[in-house]
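Each remark here refers to the structure printed beneath this line.
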Amino acid sequence: MCVRLVLSSDAARLGRAFRAGSPALVTYLMAGYPDRERSLDALEAVTRAGADLIELGAPYADQLADGPVIVDAATVARDAAGGTFGLGETLEIAAEFRARVGEGGPPVALMCYLNPLMRAGLARAAADIAAAGIEGVIIPDLPPDMAGPWLSVSGDRLDTVFLAAPTSTPERLARVGMASRGFVYCVSTTGITGERAELPEALAETVRRVRGATSLPVAVGFGVSTPEQAAAVARIADGVVVGSALVKRQGYAAELAEFVEILGAAIRGGADLSDRDTFE
């Protein structure tokens, strides 16, 4: 395990999730799924259960980086609101969540595709996201070399997290490392999000390459879905991102909280992973 202490402005926003000596648990939830109130319940549940950082997805009709679980959740969220649930409604949920838990809650990163931000207007979107109590954004279809307009209007109030992949060249990793704030999101494998039976054999090498391009914490996501996998990732990265496995439980706050507690114990070495029934 190698966990870094982040200083300066990063520590005040997303970087505060990465504490010295302990890997961060990053929990992905879909706003509005299975409905508005239960998505708020889910946000509170993962907070109580010890999530270090929440990645809040905004439903969108063309979620290119996401697998079937998250795509289906986005569709349910949009349909439940008559097809109108999107970025604005996601920000309303984030603001209500922040009002409920106060400043002591975990930092929140909005996961949103570029098109809704452009439709709202980049400057207006950045202002509205920050006003909702969100500390950062993850925009999977925005590469760092095309991010200048967004960074110019968001940089003073939001951390923007860029993605590094196993196929990223050294030049692309250098751009990702230089442009990111808060942490770098290391995609474990090529393809879309979703649960997988095994982690890639080359994951440790991928993380090593990403580490060489940044001084920020490195969090690994895509395909991490079991406590065993989370524990394995925590041994090589600063943070573990779990998404689809949580979204599947999102409508059941008690079950969701229990699973987050188990994940947290696993990545911090406090769970007995030999008792597999515990993690069903």
Side-chain angles (χ1 to χ4, degrees), residues 1-7 10-11 13-28 46 50-55 65 106-107 109 111 135-136 138 140 144 159-168 170 172-174 176-246 259-260 262-271 273:
M1 183 192 306
C2 180
V3 181
R4 306 176 186 186
L5 178 62
V6 182
L7 302 175
D10 289 311
R13 293 195 290 228
L14 298 183
R16 65 187 171 90
F18 299 86
R19 300 166 293 184
S22 179
L25 175 59
V26 182
T27 57
Y28 176 97
V46 301
D52 296 298
L53 192 154
I54 295 173
E55 183 184 348
M111 202 293 244
E135 287 89 344
I138 301 167
D159 290 340
T160 298
V161 176
F162 291 94
L163 279 66
T167 54
S168 296
R172 172 52 61 89
L173 290 179
V176 167
M178 182 173 297
S180 291
R181 295 294 181 270
F183 68 98
V184 173
Y185 193 128
C186 177
V187 176
S188 70
T189 185
T190 56
I192 56 177
T193 63
E195 298 173 279
R196 291 174 173 84
E198 296 179 349
L199 295 172
E201 290 184 5
L203 180 57
E205 173 60 17
T206 300
V207 173
R208 186 196 66 77
R209 293 178 61 235
V210 176
R211 282 197 186 283
T214 184
S215 60
L216 293 173
V218 175
V220 172
F222 282 48
V224 184
S225 56
T226 70
E228 293 91 345
Q229 291 172 343
V233 170
R235 289 192 285 270
I236 60 173
D238 302 302
V240 182
V241 186
V242 181
S244 296
L246 298 182
F259 190 60
V260 170
I262 291 168
L263 289 169
I267 69 172
R268 294 169 189 127
L273 300 183

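Not measured: the values here are computed from a predicted model.
Between V210 and A164, the shortest heavy-atom distance links the atoms CG2-CB, 3.8 Å. Between A231 and A266, the shortest heavy-atom distance links the atoms CB-O, 3.5 Å. Nearest heavy atoms, S188 versus P166: O-CG, 3.6 Å. For the residue pair V207 and C186, the shortest heavy atom distance occurs at CG2-SG, 4.2 Å. The shortest non-hydrogen separation linking P227 to I262 is CG-CG2, 3.7 Å. The heavy-atom pair separating A174 from A213 by the smallest distance is N-CB, 4.1 Å.
Between L53 and L14, some side-chain heavy-atom pair lies under the 4.5 Å cut-off. You'll find the side chain of P140 reaches within 4.5 Å of the side chain of M111, heavy atoms only. In this structure, D238 and R211 have side chains that are in contact, with non-hydrogen atoms separated by less than 4.5 Å. Counting heavy atoms from C-beta outward, F183 and I138 have side chains that approach closer than 4.5 Å. Under the 4.5 Å side-chain criterion, counting only non-hydrogen atoms from C-beta, L246 is not in contact with Y28. Considering only heavy atoms from C-beta on, M178 stays 4.5 Å or farther from P144 through its side chain.
Qualifying side chain to side chain donor-acceptor pair (under 3.5 Å) partners for T160, counting only residues two or more places apart in sequence or in other chains: W150. A230 meets the side chain to side chain contact (heavy atoms under 4.5 Å, CB included) test with V224, V240, L263, I267; sequence neighbours excluded. A search for side chain to side chain contact (heavy atoms under 4.5 Å, CB included) contacts involving A232 returns L199, R235, not counting sequence neighbours. Remark: R209 pairs with P170, L173, E205 by the side chain to side chain contact (heavy atoms under 4.5 Å, CB included) rule, at least two apart or across chains.
Put simply, the side chain of D52 gets close to the backbone of L25: a donor and an acceptor are under 3.5 Å apart. At distances below 3.5 Å, at least one donor-acceptor pair connects side-chain atoms of S168 with backbone N or O atoms of A165.
In this pair, F222 and Y185 present their aromatic rings perpendicular. The plane angle is above 60°, beyond the 30 to 60° band.
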